[in-house]
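Working notes, structure below.
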Amino acid sequence: MENVAFIINPYSAKKNYKPLLEELKNKVENVQYYISESILGTDEYIKKNMKLVDIFVAIGGDGTISTIAKSLINTDKILAIFPAGSGNGFSNETHFSKNLDDLLVKIQSKKSRKIDTFTVNDKLSINVSGTGFDGKVVKEFEKTSRGFKNYIIVSLKTFFSYHPITVHFPDPNFEKYNGEYLMLNIANTRQFGNNAYIAPMASKSDGLVDLVLVKKFPVFYSGLFAYRMFTKKLKTNKYITYLPISEIKFEVNTKNWHLDGEYNSIESPIHIKVQPSSLRILI
């Protein structure tokens, strides 16, 4: 399998990447792979092999995928994925499974399509990013051993103690949305991960992202909110507002953000900008 490189995050999937690597070596002759120890190392590996490789395969979670995608934006190189994260939201939305044989068949076909990405103050995001409640949850979640169970535990603990964020839009067209919110999300695809659909109508190929504003809701509504999120039934109501946008600026009184599930500290003012058809992905 020529012109294909597999980039492995050894810290994903509870650091249990060795069985997958052995399977890969058994099924692919002279397989080219790189075990990443740092973001800088991954960037340098891609840069070094850019002229030699047509398809870069990310083995990891959304954060790993985003790191690799950053080097492929607005190029003719193709991104492929073997999901090995805790949520795998982007992998779910782009139809990659944990079946290596299926992935190898896709690689042989080399069929691809372009999708949108976006930036938060020039930092790349490919899936869903946000601030407020979920930014704080990700910050605390990274202190745990990860996994869906720990995510739920951290989310519940954070919900009862979290104070809403204050958002201000300088554009007069968005002034009516100024106020306090539990969280603010930017959705290029429909879900956070684990099939939790925060923006069921979002599309990764329409030149827009959904700006999702969620007001803090009473405890009795939390069960219904969770049910609707996991069944793709969230929609605009008195607690949730969806704003399809291609670019927007605003200020928020917190630095806690997550970009594709990875914690980031980002200062206001915030500038969101869609990059249409900027990433080529295997189909």
Side-chain angles (χ1 to χ4, degrees), residues 5-17 20 33-46 56-73 79-94 96-98 115-152 154-155 183 185-196 198-199 204 209 255-266 272 275 278-279 281-282:
F6 295 80
I7 301 177
I8 302 169
N9 178 353
Y11 305 106
S12 294
K14 298 181 180 179
K15 304 181 181 180
N16 192 27
Y17 71 92
L20 172 63
Y33 68 92
Y34 172 71
I35 299 176
S36 174
E37 292 292 337
S38 68
I39 292 175
L40 179 60
T42 298
D43 292 344
E44 290 177 348
Y45 176 81
I46 295 173
F56 290 91
V57 184
I59 301 178
D62 285 353
T64 302
I65 298 164
S66 186
T67 295
I68 295 168
K70 179 178 64 176
S71 297
L72 310 183
I73 295 297
L79 173 68
I81 301 164
F82 186 91
S86 53
N88 299 316
F90 187 74
S91 303
N92 293 341
E93 291 293 284
T94 47
F96 287 96
S97 72
K98 294 185 178 182
I115 63 169
D116 303 334
T117 62
F118 68 97
T119 56
V120 181
N121 287 9
D122 296 323
K123 294 176 180 283
L124 178 70
S125 179
I126 58 175
N127 193 52
V128 177
S129 295
T131 186
F133 170 72
D134 56 331
K136 177 67 171 175
V137 167
V138 168
K139 184 177 183 180
E140 298 303 316
F141 180 58
E142 290 192 350
K143 299 175 183 177
T144 72
S145 57
R146 290 186 170 252
F148 185 59
K149 180 180 178 181
N150 281 330
Y151 186 83
I152 294 298
V154 170
S155 296
M183 59 185 178
N185 291 110
I186 315 296
N188 186 43
T189 74
R190 301 175 299 167
Q191 64 170 291
F192 289 125
N194 292 307
N195 298 312
I198 187 62
K204 55 189 174 292
V209 290
K255 299 176 186 177
N256 290 333
W257 278 78
H258 78 86
L259 303 183
D260 300 324
E262 299 293 319
Y263 177 75
N264 279 254
S265 178
I266 304 178
I272 307 296
Q275 301 181 118
S278 54
L279 178 63
I281 192 158
L282 195 70

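All values derive from a computational prediction rather than experimental measurement.
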Quiz item: Quick one: salt bridge (charged side-chain N to carboxylate O under 4.0 Å, His left out) pairs with a partner in residues 185-195, sequence neighbours left out?
Solution: E93-R190
Exercise. Using the test side-chain hydrogen bond (donor to acceptor under 3.5 Å, both in side chains), find all partners of S129 that sit at least two apart in sequence or belong to another chain.
Key: S125
Self-check item: Set of residues satisfying side-chain hydrogen bond (donor to acceptor under 3.5 Å, both in side chains) with respect to D134, sequence neighbours excluded
Solution: N185, H258
Quiz item: What is the distance from atom CG of L20 to atom CZ of F6, rounded to the nearest 0.5 Å?
Solution: 9.0 Å
Practice problem: Would you mind listing every salt bridge (charged side-chain N to carboxylate O under 4.0 Å, His left out) that reaches into residues 33-44, with sequence neighbours excluded? | Solution: D43-K70
Quiz item: salt bridge (charged side-chain N to carboxylate O under 4.0 Å, His left out) with K98: which residues, sequence neighbours excluded?
Solution: none
Practice problem: Taking side-chain contact (heavy atoms from CB on, under 4.5 Å) as the test, write out the residues that go with S36, two or more places apart. | Solution: I7, Y34, T42
Quiz item: Quick one: side-chain hydrogen bond (donor to acceptor under 3.5 Å, both in side chains) partners of K123, sequence neighbours excluded?
Solution: none
Quiz item: Rounded to the nearest 0.5 Å, how far does CG of L79 lie from CD1 of I281?
Solution: 5.0 Å
Quiz item: Once you round to the nearest 0.5 Å, how far does CG of N127 lie from CD1 of I186?
Solution: 12.5 Å
Self-check item: Side chain to side chain, L259 and V120, heavy atoms closer than 4.5 Å
Solution: yes
Quiz item: Are V57 and I81 close enough that some pair of their side-chain heavy atoms sits under 4.5 Å apart?
Solution: no
Quiz item: In this structure, are over 12 heavy atoms from other groups packed under 6.0 Å from I35 atom CD1?
Solution: yes
Quiz item: Looking at CD1 of I65 and CZ of F96, how far apart are the two atoms once the value is rounded to the nearest 0.5 Å?
Solution: 8.5 Å
Exercise. Working to the nearest 0.5 Å, report the span between CD of E262 and CG of D62.
Key: 8.5 Å
Quiz prompt | Separation between CG of N88 and CG of N195, rounded to the nearest 0.5 Å | solution = 10.0 Å
Practice problem: Kindly write out the residues that satisfy side-chain contact (heavy atoms from CB on, under 4.5 Å) with T117, not counting sequence neighbours, or none if the list is empty. | Solution: I73, L124, I126, Q275, S278, L279
Quiz prompt | Nearest heavy-atom neighbours spanning P10 and I8 | solution = CD-O, 3.2 Å
Self-check item: side-chain contact (heavy atoms from CB on, under 4.5 Å) involving A196 - partner list, sequence neighbours excluded
Solution: F192, M229, F230
Quiz prompt | For N256, all residues meeting side-chain contact (heavy atoms from CB on, under 4.5 Å), sequence neighbours excluded | solution = K136, K139, T254, Y263
Self-check item: Any residue meeting side-chain hydrogen bond (donor to acceptor under 3.5 Å, both in side chains) with N92, in chain and number order, not counting sequence neighbours
Solution: Q191
Self-check item: Polar contact flag, side-chain donor to acceptor under 3.5 angstrom, S12-N9
Solution: yes
Quiz item: Quick one: which of V128, D260, T189 gives a side chain to side chain contact (heavy atoms under 4.5 Å, CB included) with F90?
Solution: T189
